[in-house]
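A quick write-up on the structure given underneath.
Positions are given from 1, in the same order as the sequence printed here.
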Amino acid sequence: MFDARQDALDRARDQTEAFLKKSEERGKLPQGAAAEALARWQGTSELATLAQCDIVIEAVFEDLTVKHQLFQALDRVCPERTIFASNTSTISITEIAGGSGRPDRFVGMHFCLPAQLMKLIEMSPGLATSDGTFQRAWAFAEAMGQKPVATQDTPGFILNYFLIPFNNDAIRLVEQGVAEPADIDLAIKTALGYPMGPLELLDLVGMDTQKLLCEAMHGLTHEPRAACPPLVRRMIAANRLGKKTGEGFHVYGDTKMFGA
Ligand SMILES: NC(=O)c1ccc[n+]([C@@H]2O[C@H](COP(=O)([O-])OP(=O)(O)OC[C@H]3O[C@@H](n4cnc5c(N)ncnc54)[C@H](O)[C@@H]3O)[C@@H](O)[C@H]2O)c1
């Protein structure tokens with residue numbers, strides 16, 4: 001795992017450890033599996049370390065310029081065979097690939113939160129992605145025990161095409177004072193059978209990321225329900241980003257991620 005910030009790496013390591021140990025305690029992993037997995041975990045702030053990777057999955061800020069800068073640096077470091085993948089939720093795979101130096105070996109791999117529990121990966125080829133690249137990335141997703149689903153390179157792919165407007169509707173219910181966040185989540189979970197309510201999910205996504213997702217989706221589709229609700233901006237100003245700051249629509253006793 002590579003991150004520009006050491007504190008982000010430390011947090012990722014701690015959350016991974018907590019999740020794996022809890023899974024072991026609950027009998028979902030055999031005894032000793034957590035220690036084995038953690039022994040394979042490597043964190044680095046040195047980009048050159050990624051030269052050994054067959055595939056690099058990027059998940060930096062939802063910003064095309066930041067992603068292009070990172071991929072240009074990676075292209076100088078990684079060998080020809082390395083596939084580049086992006087976890088972007090809303091930016092075009094073809095556009096990111098265009099600034100990566102290797103658009104033929106580039107693919108969209110959109111994981112679904114909480115990624116340690118959810119199986120879905122939306123797999124999108126860019127216009128220049130070679131069939132061989134797509135097949136190798138698909139096989140890698142299956143080897144991780146995930147469930148890949150093919151989708152074209154369109155705004156929000158399948159999941160966020162539904163989820164961004166849907167989650168914004170839940171935020172607008174809070175803005176209008178229609179119901180308390182806990183009751184909105186309870187209604188959706190009870191009636192639709194979702195494991196998490198939309199406001200619980202938004203707390204996990206983070207208001208800062210939700211704002212970027214809305215701006216990207218609304219800018220591309222002009223769908224009014226995708227526009228960022230003003231409450232999201234106020235919550236960002238108040239540092240109520242969600243679970244990562246301990247408070248969003250709900251208040252958390254600690255800042256551990258879901259499932260940890
Ligand atoms: N939050 C979600 O629900 C979710 C779900 C699926 C996909 N995504 C996608 O994942 C990506 C990241 O979103 P997030 O919510 O995790 O954002 P985040 O802000 O929580 O985390 C981004 C991380 O990237 C690091 N970073 C930024 N620039 C970097 C660089 N140049 N080099 C190395 N590290 C860098 C930051 O230090 C930070 O740790 C986005 O493309 C987003 O669309 C997010």
Side-chain angles (χ1 to χ4, degrees), residues 1-4 47 50-51 53-115 118-167 205-206 208-223 226 228:
M1 177 174 283
F2 167 81
D3 199 292
L47 201 66
L50 302 188
C53 297
D54 294 316
I55 183 163
V56 175
I57 303 172
E58 165 278 314
V60 301
F61 301 135
E62 188 73 333
D63 180 307
L64 185 61
T65 308
V66 173
K67 289 184 190 291
H68 274 168
Q69 283 168 355
L70 179 66
F71 279 120
Q72 278 154 20
L74 272 171
D75 189 47
R76 289 192 287 273
V77 161
C78 293
E80 289 278 301
R81 70 167 196 283
T82 305
I83 291 177
F84 289 169
S86 177
N87 184 41
T88 183
S89 303
T90 49
I91 303 175
S92 156
I93 298 302
T94 306
E95 270 188 78
I96 307 175
S100 72
R102 54 181 80 188
D104 55 321
R105 282 154 290 148
F106 199 102
V107 64
M109 288 183 80
H110 181 238
F111 290 68
C112 183
L113 277 197
M118 303 298 271
K119 294 285 176 208
L120 177 69
I121 304 183
E122 291 173 309
M123 304 278 306
S124 325
L127 280 181
T129 305
S130 72
D131 289 346
T133 297
F134 195 71
Q135 283 157 13
R136 277 174 64 204
W138 186 281
F140 177 64
E142 286 185 328
M144 283 192 286
Q146 298 296 107
K147 180 77 203 152
V149 169
T151 153
Q152 285 305 314
D153 176 20
T154 53
F157 309 117
I158 301 168
L159 195 64
N160 278 318
Y161 187 84
F162 286 97
L163 269 186
I164 292 173
F166 175 81
N167 289 346
V205 168
D208 46 350
T209 297
Q210 177 66 9
K211 175 172 166 283
L212 295 176
L213 296 180
C214 289
E215 285 169 355
M217 186 78 169
H218 185 252
L220 290 164
T221 63
H222 304 292
E223 160 61 51
C228 186

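A heavy-atom distance below 4.5 Å is found between the side chains of Ile96 and Leu64. Between Pro148 and Glu142, the closest side-chain pair of non-hydrogen atoms falls below 4.5 Å. In this structure, the side chains of Asp104 and Thr133 stay at 4.5 Å or more apart for every pair of heavy atoms. Taking 4.5 Å as the limit, every side-chain heavy atom of Thr209 sits out of range of all side-chain heavy atoms of Leu212. Residues Glu223 and His218 form no side-chain contact, since every pair of their non-hydrogen atoms from C-beta on lies 4.5 Å or further apart. Contact check for Phe111 versus Ile57: side-chain heavy atoms found under the 4.5 Å cut-off. In this structure the side chain of Ser100 never reaches within 4.5 angstrom of the side chain of Asp75, judged on heavy atoms. Side-chain contact between Leu70 and Phe2 is present, with heavy atoms from C-beta onward closer than 4.5 Å.
One finds the NZ atom of Lys67 at 7.0 Å from the CG atom of Asn87 (value rounded to the nearest 0.5 Å). One finds the NE2 atom of His68 at 10.5 Å from the CG atom of Asp63 (value rounded to the nearest 0.5 Å). Distance CZ/Arg105 to CZ/Arg81: 11.5 Å, rounded to 0.5 Å. The CD1 atom of Ile91 sits 9.5 Å away from atom CG of Leu213, with the distance rounded to the nearest 0.5 Å. Rounding to the nearest 0.5 Å places CZ of Phe157 at 8.0 Å from OG1 of Thr90. Between the NE2 atom of His110 and the OG1 atom of Thr151 there is a distance of 10.5 Å, given to the nearest 0.5 Å.
The minimum heavy-atom distance linking Met109 with Ala137 is given by the pair CE-O, 4.1 Å. The shortest non-hydrogen separation linking Asp153 to Pro125 is CB-O, 3.6 Å. Of all the heavy atoms in Ile93 and Gly108, the pair that sits closest is CD1-CA, 3.4 Å. Taking every heavy atom of both residues into account, Ala51 and Val77 meet most closely at CB-O, 3.5 Å. Across all their heavy atoms, Tyr161 and Met217 have their closest contact at CA-CE, 3.6 Å. In terms of heavy atoms, Val56 sits closest to Cys78 at CG2-SG, 4.3 Å.
Of the possible polar contacts, one joining the Gln72 side chain to the Gly99 backbone as a donor-acceptor pair under 3.5 Å is found. Using modelled atom types, no side-chain atom of Glu122 and backbone atom of Ser124 make a donor-acceptor pair closer than 3.5 Å. Checked by atom type and distance alone, the side chain of Gln146 pairs as donor or acceptor with a backbone atom of Met118 at under 3.5 Å.
Ring geometry for Phe71 versus Phe106: interplanar angle over 60°, hence perpendicular rather than tilted (30 to 60°). Relative orientation of the Trp138 and Phe134 rings is tilted, given thresholds of 30° and 60° on the angle between their planes.
In this structure, the side chain to side chain contact (heavy atoms under 4.5 Å, CB included) partners of Lys147, at least two apart in sequence or on a different chain, are Lys119.
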